[in-house]
Amino acid sequence: MSVKRLFAFKGTLSNATIQHRLKYIVAAALAALIFYLAALNRQWAHLDGVFRFETSHHPSPPATPNNHTIHRLAQDAQIHFKQLLGKRATTLEQAASRYRERRGRHPPPGFETWFAAAQQSDAVVVEDFFDRIYHDIHPFWAIEPARLRRMIKDEQHYIRVRDGKAWFVSDHLELRQPWVQRWTELVQEMMPHLPDLDMILNVMDETRVLVPWEEMNEYVAKEQRQRHIFHPSDAIAEYTKYQDEPTDHDEPAIKVKWIGGEEHQYWDHYRVTCPPETPGRNVSSLEKLGRPPIYPTQPMPFTRNGFIQNFTASSNPCLQPHLRGMHGTFIESVSMSTTHSLFPIFGGCKLPGNNEILIPAGMILDSYDLFSGGDSHGGDWSTKKDSLVWRGVASGGRHKEDNWWGFQRLRFIQMMNGTTVSLLEAGGDAAPSFVLPELEEYQAEAQKNGSLGEWVSSFSDAAFVAFECFPRQEDGHCSYLDPYMELRDSIHMKDQYDYKFLPDIDGNSYSGRFRAFMRSTSLVLKSTIYAEWHDDRLIPWVHFVPFDNTFIDIYAILEYYLNGHDDEAYRIAEEGREWSEKVMRREDMKLYVWRLLLEYARVMDPSRDRLAFVNDLRD
Ligand SMILES: *[C@@H]1O[C@H](CO)[C@@H](O)[C@H](O)[C@H]1NC(C)=O
Ligand SMILES: *[C@@H]1O[C@H](CO)[C@@H](O)[C@H](O)[C@H]1NC(C)=O
Ligand SMILES: *[C@@H]1O[C@H](CO)[C@@H](O)[C@H](O)[C@H]1NC(C)=O
Ligand SMILES: *[C@@H]1O[C@H](CO)[C@@H](O)[C@H](O)[C@H]1NC(C)=O
Ligand SMILES: *[C@@H]1O[C@H](CO)[C@@H](O)[C@H](O)[C@H]1NC(C)=O
């Protein structure tokens, strides 16, 4: 039945004939759709160089099926991503009902306005994208609101919201870091839709709160027991206003005890957040770093044939005690000020074991050219160099003469230096920061015949623009690094986009350039131990390529994409760019924080057990 024939006769048909024809058209259309979907599915399932960014394509004869682990991880990730997309809510009723289903509570008052704003800015609302909010807020349900309010009463740096207006309060003018301004501006954009609240900010670089696992477990269990969906007639819609005038019955503030000063052994404080059965829990900070560092002897539980399968788990230090000797955060952080008691404080990033309430990092709210490349997002994939570029400072903590080889950025620079790799292959002591991969899965072809260094030189351009050694030395020199590496000129972000591969590695904490990288037309490779607001909306192997925090898999990953799988690299680069422009826009950060603040205001409210949005349940 050709489409032409179906539409060939017009005008003089009886109603019955029209109905008959219509049935035919519908049936034919359905069949075509099913056929098309099946074809599409086959295509997506194989990624055989044919993908949706190409308008015309010639189906190639089925070659040997690609059975590489990287390929299969990407296939599985695509399926997972499509399942997530299928959960998108497009009406208020859907959004509210998915909320109840996933959270076990009614949405907070103000949900309706929030959803309208989300629709207006064409945001993709998938309930799962907001999981982080609930992970962060839940423990506070275990503490009485009055007590929570006493905890923040005497704090010094906060954003205050009263009567639909927001402003920043601080008694230290010099502490007004630029990102505090960015956060305040973001909250101001939500006015007048937020209830009264005080939002304590972490104005330091480092992450702060580390509640022991056992205690956190109790909080979370208590929250779960309280969850329920009550009858709509019991709901109240108005948050309680704050009483700022002091009265005679005021209870004193509850002070948080901060641990810090000269101490920098963050690992010993961190590990109390690890579940007892994890390998990180019972091991203390290293007294002496291995040179080279001590790598794990077993493949990690979150890998499949060596490659990262569960990116969330791969950022979890509790599962990887070797990271206490391979990440600056644990070797020696720049500063430390931490507490082991739960305390509501907002911050731009955190380790998986930290209990801060996450908001988008100030740096990514900034349009600052250094971190964004301005308006340029790079040219077409085909015009890019088949190579990797990295420029940055040797941050990550205080590296010194007797520990620098444990720091992640220094390790990365050494591993991406072909000369260094060649010297290591020849058996010298040129590379104290790493070892060559021993497992078969990680060995590039070039390594097998001793030409890994040569191969690395052929595609890698990675160097520091500043050493930041401790203590600081004259003229940018660093006596203990000088024999191993040299400074290079910086490369503007927009020129970095001329390279296909953009690796991203933690500095003192999260990396400020990730969002800009994601929005570029290049491929982002990412390793991190830090959590950020957007983690639930980006899918590894679909939107970026994850790699291990030891970097042991990096050669194998690069070899895979450089040798014959350029189309797969291109696909991830493009999908990452497209998707980040849909779900990582400034509007999306605003919507995330807006929703978070509704939850925060509710959990801090004396009437929190009845505060609810239920209009969708009334007739
Ligand atoms: C693909 O590889 C996996 C594991 O590496 C193996 O179990 C499977 O049989 C392979 N499949 C094919 C079709 O070769
Ligand atoms: C850590 O120590 C505790 C108490 O001493 C013990 O119960 C637990 O099994 C240990 N965990 C590991 C992973 O060794
Ligand atoms: C990935 O790891 C996280 C954290 O360890 C865990 O909660 C989650 O269930 C894992 N996801 C999958 C799909 O196994
Ligand atoms: C080593 O292997 C690489 C990659 O397969 C190849 O290009 C190179 O010619 C080989 N070198 C030697 C010395 O065999
Ligand atoms: C690469 O390694 C060599 C040998 O260790 C060193 O001399 C050189 O400065 C390094 N290059 C960079 C960019 O760090």
Side-chain angles (χ1 to χ4, degrees), residues 73 76-81 83-84 128 131-132 134-135 138 213 216-217 220 273-275 277-281 292 300-304 307-320 323 350-354 387-394 399 404-405 407 409-434 452-469 476-491 503 528-531 535-536 538-542 546 548-549:
L73 284 167
D76 292 353
Q78 282 288 351
I79 293 168
H80 171 58
F81 178 52
Q83 283 166 347
L84 267 184
D128 310 43
D131 282 355
R132 160 64 53 193
Y134 299 88
H135 179 273
H138 277 160
W213 182 84
M216 187 49 66
N217 222 20
V220 172
T273 70
C274 296
E277 71 280 5
T278 55
R281 176 63 186 251
M300 290 290 109
F302 45 79
T303 56
R304 189 198 292 178
F307 297 95
I308 290 182
Q309 170 157 255
N310 185 335
F311 188 61
T312 314
S314 82
S315 67
N316 182 354
C318 296
L319 303 175
Q320 306 169 83
L323 290 183
K350 63 176 181 177
L351 296 165
N354 282 120
S387 30
L388 165 151
V389 68
W390 192 90
R391 283 294 183 282
V393 296
H399 60 77
W404 66 267
W405 55 85
F407 283 70
R409 286 191 168 183
L410 290 107
R411 173 167 66 255
F412 189 75
I413 289 302
Q414 283 222 293
M415 288 181 74
M416 285 299 126
N417 180 335
T419 313
T420 305
V421 176
S422 292
L423 288 170
L424 180 62
E425 286 181 302
D429 181 37
S433 65
F434 72 102
L452 186 66
E454 212 176 297
W455 176 67
V456 169
S457 298
S458 72
F459 65 78
S460 171
D461 181 359
F464 287 122
V465 299
F467 281 146
E468 303 214 325
C469 66
H477 277 290
C478 190
S479 51
Y480 55 86
L481 292 183
D482 283 342
Y484 301 99
M485 43 191 82
E486 66 205 12
L487 298 181
R488 290 275 162 85
D489 286 339
S490 62
I491 299 180
T528 186
I529 58 169
Y530 283 91
D535 294 345
D536 294 314
L538 296 180
I539 310 299
W541 300 112
V542 175
D548 191 75
N549 280 295

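Every number for a ligand or one of its atoms is a count from 1 in the order of the listing.
- For ligand 5, the 4.0 Å heavy-atom shell takes in Asn417, Thr419, Thr420, Leu423, Ala463, Tyr484, Met485, Glu486, Arg488, ordered by chain and residue number.
- Judged as a ring-ring contact (aromatic ring centres under 6.0 Å, His included), and not counting sequence neighbours, Tyr530 has no contacts.
- Between the OG1 atom in Thr278 and the CG atom in Asn316 there is a gap of 7.5 Å [rounded to 0.5 Å].
- Partners of Pro432 by side chain to side chain contact (heavy atoms under 4.5 Å, CB included), not counting sequence neighbours, listed by chain and number: Arg291, Trp404, Trp405, Gln414, Tyr484.
- Between Arg391 and Asp489, none of the side-chain N atoms (NZ, or NE/NH1/NH2) sits under 4.0 Å from a carboxylate O, so this pair counts as no salt bridge.
- Closest of all the heavy-atom pairs between Pro352 and Ser315 is CG-O, 3.2 Å.
- Between Thr312 and ligand 3, a contact under 3.5 Å exists for no N or O pair.
- Evaluation of the salt bridge (charged side-chain N to carboxylate O under 4.0 Å, His left out) rule for Glu425 yields no partner, not counting sequence neighbours.
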